[in-house]
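Report on one structure; see the data block that follows.
Given the structure is predicted, the values throughout are model-derived calculations rather than measurements. Numbers here are sequence positions counted from 1.
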Amino acid sequence: MEYFIDIKRPKRNSAGSKAPDDIAELCRRRGMEPFPMPSFPGGSNKLYKKIWLLFTVPHYMRRLKRLVRKGDSVLYQHPMYGYRMLERYIPAIQRKKGARFIALIHDLESLRKGIEGLINDNKKTNTFADTVLLKKFDHVICHNEHMKRYLLDRGFSEERLISLEIFDYLSDGAGVRKSSAEKLSVAVAGNLLKGKSGYVYNIFNDNGRAVNDNLTVHLYGINFDGESTEGNMVYHGSFPPDEIPGRLEGRYGLVWDGPSASTCAGNTGEYLKYNNPHKASLYLSSQMPVIVWSRSAVADFVQRHHVGLCVDSLYELETAMKNISEEEYAGMCENTIQLSEKLRKGYFFYSALERATKLQEDM
């Protein structure tokens with residue numbers, strides 16, 4: 001029997017829960033049994049949260065221990081909560097019941113180190129979760145080969161690591177890329193908070209020098225600072241992640257992070273060297289070619305599948321787009337349409353899970 005830990009998350013006009021919700025839905029479609037667990041409580045009462053963890057995690061882990069049998073597998077989406085208790089219970093279930101555990105990484109918070117104004121850097125807890133707890137799993141599905149090498153350098157066993165390549169993005173819509181007469185245009189979807197996406201507000205200004213004069217930037221997301229805009233920006237509002245594919249406009253989807261437009265900088269910018277940004281999956285599933293940072297991990301995927309451009313700096317956006325012929329762009333769009341079909345059906349998650357299952361059978 002295959003199980004997956006299923007945590008219900010509140011629906012918001014942001015992509016924060018889209019990736020784990022999609023994985024849960026793909027598990028259901030595969031016929032895996034959900035093991036429901038409650039959402040972590042909100043609010044600022046730290047004492048209540050500690051007491052809640054002390055009662056909740058042991059209660060559910062004891063239930064899981066009674067449920068599983070030898071040869072069963074359990075999928076865990078990382079990060080969750082209750083790391084120190086999970087680090088004790090998971091090995092006990094493996095040892096006493098013969099069940100195997102697979103972790104799928106959404107984020108390595110010890111590597112990202114928080115997001116200014118959004119997520120605090122809880123260094124001690126995150127390091128434990130990423131380098132102690134994860135090593136207890138029989139297999140770990142990480143984002144890509146760059147993240148895999150990072151984990152290998154921290155003592156993970158290579159035979160237990162599997163690369164996802166890219167996150168899928170489920171969508172019931174037709175998935176047809178929205179046409180645009182603007183040849184020099186990009187879409188930016190995500191959290192537009194300055195601490196995370198400061199580059200958006202600097203894309204037309206290189207230290208006082210006007211750049212990207214003919215570029216149109218279509219913006220979608222929460223925390224947009226309309227008072228800091230300049231150049232040709234069009235803010236469309238924020239939408240639920242299932243709705244936004246049909247709202248996107250622009251020639252390309254832009255995958256960038258950090259405060260700078262000249263390079264991906266700061267903790268979130270540096271994190272792009274290792275992670276698969278979910279917004280890349282959004283654009284590609286919407287049949288929109290992408291523009292990514294040349295030093296990002298996802299650049300390998302974009303080049304391998306010929307679905308976009310890689311640039312060193314956003315100040316070269318116009319030049320990079322002008323250098324692409326209509327024939328080349330049409331080829332990118334055709335490749336993106338084919339890739340979109342895979343992303344919207346869960347191809348990459350299912351492939352990684354099958355590899356993990358095969359490795360378990362061979363052990």
Side-chain angles (χ1 to χ4, degrees), residues 14-26 75-79 102-113 115 119 130 134 139-152 156 161-171 187-191 196-197 241 244-245 252-258 264 267-286 288-311 335-336 339-340 342-353 355-356:
S14 68
S17 66
K18 174 63 174 171
D21 286 349
D22 278 358
I23 295 298
E25 175 58 25
L26 289 170
L75 180 76
Y76 157 91
Q77 299 194 60
H78 183 82
I102 302 169
L104 183 143
I105 296 173
H106 285 285
D107 277 304
L108 292 175
E109 292 297 346
S110 64
L111 176 59
R112 182 164 65 174
K113 297 180 174 62
I115 301 174
I119 298 176
D130 294 347
L134 278 180
H139 291 97
V140 176
I141 300 174
C142 59
H143 290 199
N144 49 59
E145 290 300 310
H146 296 270
M147 184 175 282
K148 182 177 179 179
R149 286 196 293 271
Y150 173 85
L151 293 171
L152 288 173
F156 282 75
L161 296 175
I162 297 162
S163 293
L164 180 64
E165 292 192 73
I166 195 168
F167 279 99
D168 299 293
Y169 196 103
L170 301 188
S171 173
V188 177
N191 192 326
K196 186 179 190 301
S197 304
I244 194 170
Y252 299 87
L254 179 61
V255 182
W256 206 263
D257 231 327
C264 284
N267 54 343
T268 56
E270 285 290 311
Y271 190 48
L272 283 180
K273 294 179 180 178
Y274 303 95
N275 80 318
N276 290 343
H278 201 237
K279 68 176 64 180
S281 301
L282 161 64
Y283 300 137
L284 293 171
S285 71
S286 306
M288 178 179 281
V290 294
I291 296 177
V292 305
W293 185 35
S294 58
R295 296 171 61 195
S296 66
V298 76
D300 294 346
F301 184 91
V302 171
Q303 292 175 320
R304 185 164 63 250
H305 292 273
H306 306 288
V307 289
L309 304 175
C310 302
V311 298
N335 294 337
T336 307
L339 181 60
S340 170
K342 292 184 174 181
L343 293 169
R344 291 164 56 223
K345 294 178 180 178
Y347 171 84
F348 291 94
F349 170 65
Y350 284 146
S351 297
L353 191 58
R355 293 199 301 275

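Residues Met147 and Asn275 approach most closely at CE-CA, 4.2 Å, considering heavy atoms. Closest approach of Pro245 and Ser286 over heavy atoms only: CB-OG, 3.3 Å. Annotation for Arg344 and Ser171: closest pair NE-O, 3.6 Å, computed over non-hydrogen atoms. Nearest heavy-atom pair across Thr336 and Leu284 is CG2-O, 3.6 Å. When every heavy atom of Asp22 is checked against every heavy atom of Leu170, the shortest pair comes out as OD2-N, 3.0 Å. When all heavy atoms are compared, the tightest approach of Ala187 to Met288 is CB-SD, 4.1 Å.
We find the CZ-CG distance between Arg355 and Leu353 to be 10.0 Å, quoted to the nearest 0.5 Å. Between His106 atom NE2 and Asn276 atom CG the span is 11.5 Å, to the nearest 0.5 Å. The CG atom of Asp107 sits 8.5 Å away from the NE2 atom of His78 when rounded to the nearest 0.5 Å. Atoms CG and NE2, from Leu151 and His143 in turn, are 9.5 Å apart once rounded to the nearest 0.5 Å. Atom CD1 of residue Ile23 and atom CD1 of residue Ile141 lie 8.0 Å apart, to the nearest 0.5 angstrom. Note that the CG atom of Asn191 and the OG atom of Ser197 stand 6.0 Å from one another [nearest 0.5 Å].
Aromatic ring centres of Tyr169 and His278 lie closer together than 6.0 Å.
You'll find the side chain of Tyr283 stays beyond 4.5 Å of the side chain of Val292, heavy atoms only. Proximity of Leu104 to Phe349: side-chain heavy atoms (C-beta onward) are separated by under 4.5 Å at one or more points. Two residues are said to be in side-chain contact when any heavy atoms from C-beta on lie closer than 4.5 Å; Trp256 and Val311 meet this criterion. Contact check for Leu111 versus Tyr274: side-chain heavy atoms found under the 4.5 Å cut-off. In this structure, the side chains of Val255 and Val302 stay at 4.5 Å or more apart for every pair of heavy atoms. Side chains of Phe348 and Phe167 form no contact here, defined as non-hydrogen atoms less than 4.5 Å apart. Taking 4.5 Å as the limit, every side-chain heavy atom of Asn335 sits out of range of all side-chain heavy atoms of His305. Counting heavy atoms from C-beta on, the side chains of Val298 and Val290 never come closer than 4.5 Å.
For Lys148, the side chain to side chain contact (heavy atoms under 4.5 Å, CB included) partners two or more places apart in sequence, or in a different chain, are Cys142, Glu145, Leu152, Glu158, Leu161, Ser163. Judged as a salt bridge (charged side-chain N to carboxylate O under 4.0 Å, His left out), and not counting sequence neighbours, the contacts of Asp257 are Lys196.
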Practice task
List the steps, then state whether side-chain contact (heavy atoms from CB on, under 4.5 Å) holds for Leu134 with Leu108.
Solution key: CA-CA 10 Å; Leu134 278 180; Leu108 292 175; 3.9 Å; yes

Practice task
Give the intermediate values and the outcome of side-chain contact (heavy atoms from CB on, under 4.5 Å) for residues Asp300 and Asn144.
Solution key: CA-CA 9 Å; Asp300 294 346; Asn144 49 59; over 6 Å; no

Exercise for the section: Apply side-chain contact (heavy atoms from CB on, under 4.5 Å) to the pair Ile162 and Ile102, showing each step before the final yes or no. Expected result: CA-CA 10 Å; Ile162 297 162; Ile102 302 169; over 6 Å; no

Exercise for the section: List the steps and the verdict of side chain to side chain donor-acceptor pair (under 3.5 Å) for Tyr350 and Asp168. Expected result: CA-CA 10 Å; Tyr350 284 146; Asp168 299 293; over 6 Å; no

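With salt bridges taken as basic N to acidic carboxylate O contacts below 4.0 Å, none links Glu165 and Lys342.
With Trp293 as the partner, the side-chain contact (heavy atoms from CB on, under 4.5 Å) test is satisfied by one option alone out of Pro277, Cys310, Cys264: Cys264.
For the pair Lys279 (side chain) and Ala189 (backbone), a donor-acceptor distance under 3.5 Å is present.
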